[in-house]
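What you see below is based on every heavy atom in this structure, not just the backbone, and it leaves out hydrogens, waters and symmetry mates. Remember, predicted model here, so these are calculated numbers, not experimental data. Indexing begins at 1, ligand by ligand and atom by atom, following the structure's order.
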Amino acid sequence: MRHLVRHLYTADPSAHVFDGRIYIYPSRDVEGGIPFNDNGDHFDMKDYHVFSMDSVDGEVIDHGVALHVDDVPWAKRQMWAPDAARKDGKYYFYFPAKDHDDVFRIGVAVGERPEGPFIAQAEAIQGSTSIDPAVFEDDDGSHYMYYGGIWGGQLQRWKTGEYTEDDSEPADDAPALCPKMARMREDMLEFDEAPKDVVILDKKGEPLKAGDHNRRFFEAAWVHKFNGKYYFSYSTGNTHLLCYAVGDSPYGPFTYGGVIMTPVVGWTTHHSICEVEEKWYLFHHDSKLSGGVTHLRSIKIAELKHRPDGTIETLDGMAE
Ligand code: FUB
């Protein structure tokens, strides 16, 4: 496993190959001096840098600031985990941030080049909530956004469909809170449908329970397609695992498949999965380079292997 960036702290890497070059869209971690809490206030990021490389072993180029919170009219603070997509020669950069009422929303900014700069839309995406957008392009060219995160990501505050400050979660034996997904409109700037739940089932076909902290969704949604199956992967948050679930449609449901990576150094774990020259890679982060400071993370790459039966080999998050 290789750390990719050492001159800045970076996290939550979303990787894509555009025209044969690998582009990475991470959060840029900073020390804001805010004490650790369960709301994640210490993750006080203000801007994004985009990185690229010509191969998985290649030199990593820092393309500089691609978007700053001061240039996003609707956003106030906490520029968390982003993603990007390409359509018809334009690049769309998706990012969560707290609005002026301290409610997380997801925004989009548009650029002419994969590394930006990106110009933000004046408003957040209508109907967007919570954090961690990941945009998947299916073989027919349709794009779908997956998103959500509990605790500091505020997903639990939307359980009635309206925003409230009630942070309670379902009872342990009730179905877990679901991440959300929606097909993107042709122009990539808005949802094309009302967001739907992403349901994760156990092997008996029952939705995972809220108390099943080793398997239920917490944050860090990602989707990749392998051998015609849709793989929804995510972090379990307070149990620090990267897990995956498999389905037959971008809408799910997805059946829990196993652990992609065991805990890393640091509280959070967040990833993307990207095919590069017919091999698959996990882009992820840990806090090793900061000596374990949770909000000062560094992005990494490791090869990911699908077994012939479609299951994924588990990686050791502590491996060098
Ligand atoms: O980087 C801030 C938050 O930490 C992300 O949005 C979460 O997924 C976690 O990695």
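For ligand 1, the atoms closer than 4.0 angstrom to any heavy atom of Ala81 are 6 (O). Under a 4.0 Å criterion applied to the non-hydrogen atoms of Glu219, ligand 1 contributes the atoms 7 (C), 8 (O), 9 (C). Below 4.0 Å from some heavy atom of Arg297 lie the following atoms of ligand 1, by number and element: 1 (O), 2 (C), 4 (O), 9 (C), 10 (O). Counting the atoms of ligand 1 from 1 in the order shown, those under 4.0 Å from a heavy atom of Met45 are 1 (O), 2 (C).
Counting only heavy atoms of the protein, atom 1 (O) of ligand 1 lies nearest to Asp12 OD2, 2.5 Å. When hydrogens are left out, the protein atom nearest atom 6 (O) of ligand 1 is Asp132 OD1, 2.5 Å; that is the closest non-hydrogen contact. When only non-hydrogen protein atoms are considered, atom 3 (C) of ligand 1 lies nearest to Trp80 CE3, 3.8 Å.
Within a 6.0 Å sphere centred on CD of Glu186, heavy atoms belonging to other residues, nucleotides or ligands number 12 at most. In Glu123, the CD atom is not crowded: 12 or fewer heavy atoms of neighbouring residues, nucleotides or ligands sit closer than 6.0 Å.
The shortest N or O to N or O distance between His270 and ligand 1 is below 3.5 Å.
Between Glu206 and Lys204, no side-chain nitrogen of the basic residue sits less than 4.0 Å from a carboxylate oxygen of the acidic one, so the salt-bridge criterion is not met. Between Lys76 and Asp102, at least one side-chain N (NZ, or NE/NH1/NH2) sits under 4.0 Å from a carboxylate O, which counts as a salt bridge.
Of the listed residues (Thr268, Asp12, Asp132, Asp47), just one forms a side chain to side chain donor-acceptor pair (under 3.5 Å) with Ser27, and that residue is Asp12.
Side-chain rings of Tyr147 and Phe191 approach one another, their centers coming within less than 6.0 Å.
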